[in-house]
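Data first, discussion second: the structure below is written as structure tokens.
Just so it is clear: chains get the letters A, B, ... in the order the sequence lines come, proteins before strands, and each one is counted from 1. Predicted, not measured: the structure shown is a model, and the values here were computed from it.
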Protein chains: 2
Amino acid sequence: MSTTPKTADGERALHLEQFVPYRINVAAVFASRALARIYGEQFGIGIPEWRVIAQLGEFGRMTSRDIGELSQMHKTKVSRAVSGLDQRGLVARSENRADRRESFVSLTAAGARVYAQIVPLALAFEQRWTEGIAPDELRTFERVLAVLTERGRLLAGTYREDGA
Amino acid sequence: MSTTPKTADGERALHLEQFVPYRINVAAVFASRALARIYGEQFGIGIPEWRVIAQLGEFGRMTSRDIGELSQMHKTKVSRAVSGLDQRGLVARSENRADRRESFVSLTAAGARVYAQIVPLALAFEQRWTEGIAPDELRTFERVLAVLTERGRLLAGTYREDGA
DNA sequence: GCTGATTAGTTGCAAGTGAAACTAATGTCA
DNA sequence: TGACATTAGTTTCACTTGCAACTAATCAGC
């Protein structure tokens, strides 16, 4: 694939359309946009809200801090997403008497219904998106993706989107 | 890797941390952040500006429309990036007498110097980022990424970020 | 148990974003 | 030639975002 092109003076040249950080970004934008359509148009839910719902649906009651850590979101993003979902009655907050700084967030019955409706749509999207790709190639893809994610986290520096 | 987990009632369950659209997004965010550090801190340049410079450095004089098409950016994003770079003297605009709606954009000498400085840094980043990954695995990764990008473009609907 | 550091979460603010409307120029077709 | 559609690029607007500052609560060490 990349044949390490060089300029006349021996320097390696850059071709944006082959530059992996750029390419992964473009792919991510398309995937996000397609997914956002699904839960945006049909449920009026954005990506941060979706991530909150997904975490709560999977793990049950948890704090905003844990939601942010698991879903890789900045604490302000989590805060706003939870507030919005709370106002719309999809999640409920309950005080933690043992530590009154934090509060537990959980899906309401309405929120659980939304979760149950979105999950099959999300999985169907992933299915259509990766359809026809050989399973072993997909596994390789996912393995490399995991390496790049972890190394990217380091190269991005001390910053973590959960705010620490 | 993904063993297609199911819930008690036979429905496939969703695990966000294994959900490919989510994972690719997280990886993209880390990569963008790390790269943005490089040309942000050292050159005061953001991602859209960087993409404009990269295209002009690779292809020479071109219109904003073409820049947007090649670098997958919305025309308003291109417009703002070009304006900013123009004000800072890194690009110049020249009228196309044959079609006065559009204008040609090209790197100035200063812009070309910035380009020449950033390219090796960007390539070095990519190198560090993908270091240690077996070449054939990386090729598979890139091939699958290309498929996902193209299919994502379709699944995202008629929308194209270049505005058409 | 008191003082300073840390943590969970919220809010103000400035910057960035895309959709839609807009301007100016060009293309199309009768 | 004239009327209408299309295109390149800009601007306006509403919305999202992350950072920094903030509040309230808990922890650490003496």
Can you measure B:Gln72 atom CD to C:dG18 atom C1' for me and round it to whole angstrom units? 15 Å
Short N-O contact, B:Glu137 and A:Arg143, less than 4.0 angstrom: yes
What's the CG-P distance between B:Asn96 and C:dG27, to the nearest Å? 10 Å
Atom CD1 of A:Ile47 and atom P of D:dC15: how far apart are they, to the nearest Å? 18 Å
Face-on cation placement of B:Arg153 at A:Phe30 ring, 6.0 Å and 45° thresholds: no
Under the side-chain contact (heavy atoms from CB on, under 4.5 Å) criterion, do B:Asn96 and B:Asp99 qualify, and how do the steps go? CA-CA 5 Å; B:Asn96 177 10; B:Asp99 185 344; 3.7 Å; yes
Say whether, by atom type as modelled, one donor and one acceptor occur between the side chain of B:Arg151 and the main chain of A:Trp129 under 3.5 angstrom. yes
Quick check against the 3.5 Å criterion: does A:Thr108 have a side-chain atom that pairs as donor or acceptor with the backbone of A:Leu90? yes
Would you kindly say whether A:Asp86 and A:Ser83 are connected by a side-chain donor-acceptor distance under 3.5 Å? no
Whole angstrom is fine here: how far is it from CG in B:Leu85 over to C1' in D:dG9? 16 Å
To the nearest angstrom, the CZ-P distance between A:Arg33 and C:dT17 comes to 13 Å
Counting primed atoms, P, OP1 and OP2 as sugar-phosphate and everything else as base, the B/S/- map of nucleotides 2-14 of chain C against protein heavy atoms under 4.0 Å is -----BSBBBBB-
Can you tell me how far C1' of C:dA19 sits from CE of B:Met73, to the nearest Å? 18 Å
Quickly work out the A:Arg100 CZ to D:dT23 P distance and round it to whole Å. 18 Å
Residue-phosphate contact under 4.0 Å: B:His74 side-chain N/O, C:dA19 OP1/OP2: yes
Could you state the atom-to-atom distance from NZ of B:Lys77 to C1' of D:dT10 in whole Å? 17 Å
